[in-house]
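Hydrogens, waters and symmetry mates are skipped; everything else that's a heavy atom, side chains included, is used. These numbers come from a predicted model, not from an experiment.
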Amino acid sequence: MTFKHNFKKVLSATAFAAALVVAPAANVSAATNDASSTQQSATATSQDQQASQDQAASQSSAANQSSSTSTSSATSTSTVKKTTKKAKKTTKKSKKKAVRKVAKKTTKKKATKKAKKTSKKSTKKTTKAATAAVTASAGQSQATDQQDDAAKKAAEAAAKKAAAAKKAAAKKKAAAKKKAAAKKAAAKKKAAAKKKAAAKKKAAAKKRAAAKKKAAKKSAEKAAKYWIAMRESGGYYTARNGSCYGRYQLLISYLGGDLSKKNQERTADRYVYGRYGSWVNAKRFWLAHNWY
């Protein structure tokens, strides 16, 4: 009865030790996500292993006490020793495995930290380069905008200047056209004035010629009249030859009883212009017939 009870206690202790060995391994596996947790797990594992060893030693002592009671307990003690040795070996293996995992995790963490640091440095460098590029791009964009503004202003100034030049040219052309029109109008007016003057001069010449001709005709008429008067009466208004009387020896009936000089002149002109058209013609007739 005592042997069975002791054996059960040894088996329970062995199972408890195995559980303790497995538990640290699980803790070590969980510690891969966090370094601090891993160290705490490793410490707990060491403590648990120490407790397991102490308990195994107690159990071994109990087993030794049991062996003094009977031969069967010696066999049980041998089994417990083997189990304990196996548990220690498993614990040692687990510990080494845990240490390797912790070392691997630490190395991985260092690599991750280094990678993060490198990444951060690279990101900072990239950000700095990007910022410089953006600044340079902004400066270049601003310079381009300024150049565009300057080009636009220059184009506007050129267009304004061209428009002003065009307007000035148009104004000058209009002035020249107006001047040409004024010159043409002046020339036309001058030509018209010249033509009018020529026409006036011609008319005056014609008038003078007509006047001269008239004067000549009048003079000829006067001379012819005087010539006939001298041939008919010697120029006397009182000369009488039968039924003819006066300076032009007209029939007394023509004078109508008025023998005045004025009536003789008027009646003689009426007679000559009515019969011959002029004194010149009357003279020509007198020369041909010796009377008129």
Side-chain angles (χ1 to χ4, degrees), residues 153-292:
K153 285 181 180 179
E156 287 177 355
K160 195 174 182 181
K161 190 175 181 181
K166 191 176 180 181
K167 190 176 180 180
K171 194 175 181 180
K172 191 175 181 181
K173 191 176 180 181
K177 194 174 181 181
K178 191 176 180 180
K179 190 176 180 180
K183 192 175 181 180
K184 190 176 180 180
K188 193 175 181 181
K189 192 176 180 181
K190 190 176 180 180
K194 193 175 181 180
K195 190 176 180 181
K196 191 177 180 180
K200 193 175 180 180
K201 190 176 180 181
K202 189 176 180 180
K206 193 175 180 181
K207 192 176 181 181
R208 284 196 301 271
K212 192 175 181 180
K213 189 177 180 180
K214 189 177 179 180
K217 187 178 179 181
K218 190 176 180 181
S219 179
E221 286 290 299
K222 191 175 180 180
K225 189 178 181 180
Y226 178 78
W227 187 88
I228 289 174
M230 292 305 290
R231 293 292 180 278
E232 290 294 326
S233 63
Y236 293 101
Y237 287 98
T238 57
R240 188 179 181 108
N241 184 14
S243 57
C244 296
Y245 183 84
R247 183 179 174 88
Y248 301 100
Q249 290 297 296
L250 297 172
L251 291 173
I252 296 174
S253 59
Y254 288 172
L255 295 172
D258 186 0
L259 302 178
S260 63
K261 294 179 181 181
K262 189 175 181 180
N263 190 44
Q264 285 184 41
E265 293 289 339
R266 184 168 55 243
T267 302
D269 285 336
R270 186 168 59 245
Y271 169 75
V272 167
Y273 285 117
R275 185 169 182 172
Y276 301 107
S278 67
W279 284 100
V280 173
N281 291 336
K283 180 183 177 182
R284 192 177 294 117
F285 185 87
W286 198 101
L287 287 171
H289 300 92
N290 207 24
W291 63 277
Y292 76 103

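- For the 3.5 Å distance criterion, the side chains of Trp286 and Glu232 qualify, holding a donor opposite an acceptor.
- Within a 6.0 Å radius of OH in Tyr236, no more than 12 heavy atoms belonging to other residues, nucleotides or ligands are found.
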Step-by-step side chain to side chain contact (heavy atoms under 4.5 Å, CB included) determination, Leu251 to Cys244: CA-CA 4 Å; Leu251 291 173; Cys244 296; 4.0 Å; yes
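- In this structure Thr267 satisfies the side-chain hydrogen bond (donor to acceptor under 3.5 Å, both in side chains) test together with Asn263, sequence neighbours excluded.
- Remark: side-chain polar atoms of Arg247 are not paired, donor with acceptor, to backbone N or O of Ala229 under 3.5 angstrom.
- In this model, no donor atom of one side chain and acceptor atom of the other lie less than 3.5 Å apart for Glu221 and Tyr226.
- Below 30°, between 30° and 60°, or above 60°: for Trp291 and Phe285 the angle between ring planes is above 60°, a perpendicular geometry.
- Side-chain contact between Ser278 and Val272 is absent, with no heavy atoms from C-beta onward closer than 4.5 Å.
- Side-chain contact between Tyr292 and Asn281 is absent, with no heavy-atom pair separated by less than 4.5 Å.
- Closest of all the heavy-atom pairs between Ile252 and Arg240 is CD1-NH2, 3.4 Å.
- When all heavy atoms of Gln264 and Gly246 are compared, the closest pair comes out as OE1-CA, 3.3 Å.
- Side-chain contact check for Tyr245 versus Gln249: every heavy-atom pair is 4.5 Å or farther apart.
- Taken to the nearest 0.5 Å, the NZ atom of Lys283 stands 8.0 Å off from the CZ atom of Arg231.
- The aromatic ring centres of Tyr248 and Trp279 sit less than 6.0 Å apart.
- Under the rule for a salt bridge (Lys or Arg N to Asp or Glu O under 4.0 Å), the partners of Lys225 that lie at least two apart in sequence or sit in another chain are Glu265, Asp269.
- Here the CZ atom belonging to Arg266 is positioned 15.0 Å from the NZ atom belonging to Lys261, to the nearest 0.5 angstrom.
- Separating the NZ atom in Lys160 from the NZ atom in Lys167 is a distance of 11.0 Å, to the nearest 0.5 Å.
- At most 12 non-hydrogen atoms from other residues, nucleotides or ligands lie less than 6.0 angstrom from OH of Tyr254.
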